[in-house]
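Whatever order the structure lists them in is the order used to number ligands and atoms, beginning at 1. All values below were derived from every heavy atom in this structure, side-chain atoms included, with hydrogens, water molecules and symmetry-related copies excluded. Positions are given from 1, in the same order as the sequence printed here.
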Amino acid sequence: MAHQKWDKETAKSLIQKYSSLQGGLLECMHGLQHHFGCVAPESMDLMASAFNLSRAEVHGVFSFYHDFRSSPAGHKIIQICRAEACQAMGSRGLTAHVQDLLGLKLGETSENGNFTLESVYCLGNCALPPNVSVDGKLYARVSPEKFNKIMTEGA
Ligand code: FES
């Protein structure tokens, strides 16, 4: 889905829509992310005042849920599992390889907007580690060579 560029008036009216709902802050963040592709830092003060909370409280909710982004994701979202089973089978080395290959650190998006690299803690496929997800598609037993292949051939 193509997201709209952040603008204050649209953000304000979206936030207003959720501010009267019980537990609306979380829904509001989902709404903002759905619309703009992220929960932009500029929205924090607007939410704080609409929900009558401090900026720190709003930020606390934002940072608790790992699905929220502060900037839009790249076209391809690459997630490397760093939980126990995958760590034991080389996800640390795989992460270093992927970071070198893409020139990105975990949590970063490339300047051209092509890639976002993230860590996740379990992709639910612990029997076949290490696991990687690319745009939601799961790849098991991923070696650095296999990762290169996934990137070039999508296989
Ligand atoms: S630990 Fe990596 S998929 Fe569960």
* Is Leu53 reachable from Leu14 through a run of hydrophobic residues whose side-chain heavy atoms are each under 4.5 Å from the next? -> yes
* **For Glu9, all residues meeting side chain to side chain contact (heavy atoms under 4.5 Å, CB included), sequence neighbours excluded** => Asp7, Lys12
* **Joint cluster assignment, Leu25 & Phe62, ILVMFWY side-chain distance < 4.5 Å** => yes
* To do: Mind checking how many protein N/O/S atoms fall short of 2.8 Å from atom 2 (Fe) of ligand 1?
  => 2
* Just by modelled atom types, is the Cys81 backbone N or O under 3.5 Å from a matching donor or acceptor in the Ser91 side chain? -> yes
* Might you confirm whether atom CE of Met29 has over 12 heavy atoms from other residues, nucleotides or ligands at distances under 6.0 Å? => yes
* Relative to the ring of Tyr65, is the ring of Phe68 parallel (under 30°), tilted (30 to 60°) or perpendicular (over 60°)? -> perpendicular
